[in-house]
Number of protein chains: 2
Amino acid sequence: MSKSVITIYDIARSLGISPSTVSRALKDDSIISIETRKKVKQTAREMGYQPNSIASSLRNKKTLTIGVITHRIDRHFQSNAISGIQDKAHEHGYNIIICQTNDDPTRELKQFQALFSSRIDGLISQLSMYTRDYEHFNLFLENDIPVVLFDRVPRDLDVQKVVSDDVAGGYKATEHLILQGCRRIAHFTGALSLNIYEDRLKGYKAALEKYQIPFDPELVHEFYLNTDNSWEVARKVLKDKKNRPDSIFAANDTSAIASIQVAKELGIGVPSELAVVGYANDPSGLIVSPTLSTVDQSSYRMGQIATELLLKQIDSNKPGRNRPHRTKVLPVELIIRESSSRRLP
Amino acid sequence: MSKSVITIYDIARSLGISPSTVSRALKDDSIISIETRKKVKQTAREMGYQPNSIASSLRNKKTLTIGVITHRIDRHFQSNAISGIQDKAHEHGYNIIICQTNDDPTRELKQFQALFSSRIDGLISQLSMYTRDYEHFNLFLENDIPVVLFDRVPRDLDVQKVVSDDVAGGYKATEHLILQGCRRIAHFTGALSLNIYEDRLKGYKAALEKYQIPFDPELVHEFYLNTDNSWEVARKVLKDKKNRPDSIFAANDTSAIASIQVAKELGIGVPSELAVVGYANDPSGLIVSPTLSTVDQSSYRMGQIATELLLKQIDSNKPGRNRPHRTKVLPVELIIRESSSRRLP
DNA sequence: TTGAAAGCGATACCAT
DNA sequence: ATGGTATCGCTTTCAA
């Protein structure tokens, strides 16, 4: 920083009044005469004054900043949620600091500490893939700093949570495939230790049961759902002519799209011979051909709601505001496109 | 913030020593006895001390924070650049604050001011689409806070810049199409007031000239390159049988992909009847069928380099460090995929 | 209506 | 090797 930055002392000196008056005038304190207020603001503008929020935060013990931690910012779901958070935060005069961990536990811990050191007023976070211990959350919880988790949440940590209705999502996707005439529905899922995948599987099972289709564990494939792995698993599954499924419900769109591409490669018709439904409504679902049926999670809204809950906690300025907690569950919507539409509308 | 947060005073009291000693011990100042250092760090750990970087920043006039402003964080190019920035920044002990403007000038101005108020040590920014006046940059420049711009940069603003070689990109893409036998090459471009589009067009023209193909302004279509507009323009262009181009060089991948989809819709073979090359190497280029040829800009590297340049300015602690400036130009790479491969390899 | 002064937490100069 | 103290810029209580 340069020394030439203007402070309220400079304004005060220039007007021959005290810094206190300047401070009050700048925030339109009605106790200061309208005239003085006008003069101060005018001078501030002329001198190019910009408040030092570091100083103000130190004094106020309030930074008007919300920290956001996620593993990646470049996925549709995350970036949309972040937009929701940002919009809602700005609406209430809060800024946000976005941190991405790249699913690296070391970096994640550093980010938590850095945000704590920055004395953020609250934290919104999505769990990273491999977070096993929640020690770093205690940093915030023990110091009574509000935390809201979204999407991926640990069942056993008592914090405010916002999730989407993954059971319903799994159910809707699976039921839709059944209604299209599918009977051997494969399910590609991520780590079942994560609530989101566990719940989607639950929904899948529930739909099967409802339509009296026996659950076959052989049809469930659990792996890290990136493109490479999905290609590999899809190839294995679809090449096995004898046991080949008639459809795939994938727990994310990356994996569903890879499945479609493998089917094409193997000359398997989609949706005629293989119907596919993904999850998360990524824009690339509209690029793949046939277009991908998927489940939309209204991620923008999720970000907004997480922020509302957080701000409510921040405002309720009592110790112990961090509890009790309810988990807020948002509805999902099945979006039917070509990849699963055997009967055209 | 809660009152129970531990400060160095708490540690000092608990050990019966002075805060100054604690402060020094915590940063491993060799002037403090090894014993004391050990004791202090131990106690700090036990008490759950986390430094207050607000206080430290105020005192040091240094926040160890870099601000990053971009219009959107969810595009491949931006999020990759941000990753590069983040990695390089962390390497040097800096944190980053990411802000997205959504191309909204009001929000953009607010973000600039908020970052300035946060007394960031430096700023890395991509221009937003419609930034016409650079007044807000002056806030930083006048106060001698280093700024590095990347990708979209104004020609007439004297700051450090990092761009990719868009002229070369345009040239390589166009030359490739010519070598595939194309002669009527349409060009879809964004606002030509932006350096990136202007340069890609320049490269396009240069390639035509090199191969003695007359430049036809009718083949250049300037519009905001989102999906909807691209569909519309592509339809218009491809439906005009008489003047239909034999290829399209689109200045971004969104537009190129839309063109491929329109061609499919109209029964025009890609690449046989229409070759297509995009720009930016978005992952969705691998999802569209045929896969998209495109120009890679090594965005991650761009983020890293921008950060290196910024840190260098920050470290060179003299006034006027903000100049003189050279523009750093990064090479691009043409990636040939199916959408433009008439002769298979 | 305005001003003086203490204090937020960490740091570094000056003493000892 | 350690301690006392002023300071960063802003806010707010108390006094005038």
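Just so you know, these numbers use all the heavy atoms, side chains as well, and skip hydrogens, waters and symmetry mates. Note on naming: letters A, B, ... go to the chains in the order of the sequence lines (proteins, then strands), and numbering restarts at 1 for each one.
Distances shorter than 4.0 Å separate some side-chain N or O of Ser33(B) from OP1 or OP2 on dT2(D). Phosphate proximity of dG3(C) to Ser18(A): present, with a side-chain N or O under 4.0 Å from OP1 or OP2. OP1 or OP2 of dG3(C) has not a single side-chain nitrogen or oxygen of Tyr9(A) nearer than 4.0 Å. Using a 4.0 Å cut-off, no side-chain N or O of Lys61(B) falls inside it from OP1 or OP2 of dT11(C). For Ser56(B), a side-chain nitrogen or oxygen approaches OP1 or OP2 of dT11(C) to under 4.0 Å.
Although no hydrogens or angles enter the test, the distance criterion places no donor-acceptor pair under 3.5 Å between the side chain of Asp103(B) and the main chain of His71(B). Judged by distance alone, with hydrogens and angles left aside, the side-chain atoms of Asn52(B) form a donor-acceptor pair with the main-chain N or O of Ala55(B) at under 3.5 Å. Under the 3.5 Å distance criterion, the side-chain polar atoms of Ser53(A) are matched with a main-chain donor or acceptor of Ser117(B). Looking only at distances, no side-chain donor or acceptor of Asn60(A) sits under 3.5 Å from a matching main-chain atom of Lys62(A).
What separates NZ of Lys39(A) from C1' of dT1(C) is a distance of 12 Å, to the nearest Å. Spacing between atom CD1 of Ile17(A) and atom C1' of dT2(C) amounts to 9 Å, rounded to whole angstrom units. Atom CG of Asp28(B) and atom C1' of dT11(C) are 16 Å apart (whole Å). Rounded to a whole Å, the CD1 atom of Ile31(A) is 15 Å from the P atom of dA15(D). Between Ile54(A) atom CD1 and dC10(D) atom P there is a gap of 11 Å when expressed in whole angstrom units. Regarding Ile32(A), its CD1 atom lies at a distance of 5 Å from the P atom of dT2(C), rounded to whole Å. Summarising the geometry, the separation between NZ on Lys27(A) and P on dG9(D) is reported as 17 Å, rounded to the nearest angstrom. Rounded to an integer number of Å, the gap from Asp10(B) CG to dG9(C) P is 9 Å.
Residue Ser23(A) is in base contact, counting any heavy-atom pair closer than 4.0 Å across all strands shown. Residue contacts for Ser53(A): at a heavy-atom cut-off of 4.0 Å it reaches no nucleic acid atom on any strand shown. Here Ser20(A) lies in heavy-atom contact (under 4.0 Å) with a base.
Residue Lys110(B) qualifies as open at atom NZ: its count of foreign heavy atoms under 6.0 Å is 12 or below.
Scanning atom types as modelled, no donor and acceptor separated by under 3.5 angstrom connect the side chain of Arg59(B) and the base of dG9(D). No hydrogens or angles were tested; on distance alone, a donor-acceptor pair under 3.5 Å links the side chain of Arg24(A) to the base of dT13(D).
Of the two residues near DNA chain C, Ala55(B) and Val22(A), the one whose nearest nucleotide lies more 5' is Val22(A).
Counting only heavy atoms from C-beta on, Thr21(A) has its side chain closest to dG3(C) among dG3(C), dT2(D), dA12(C).
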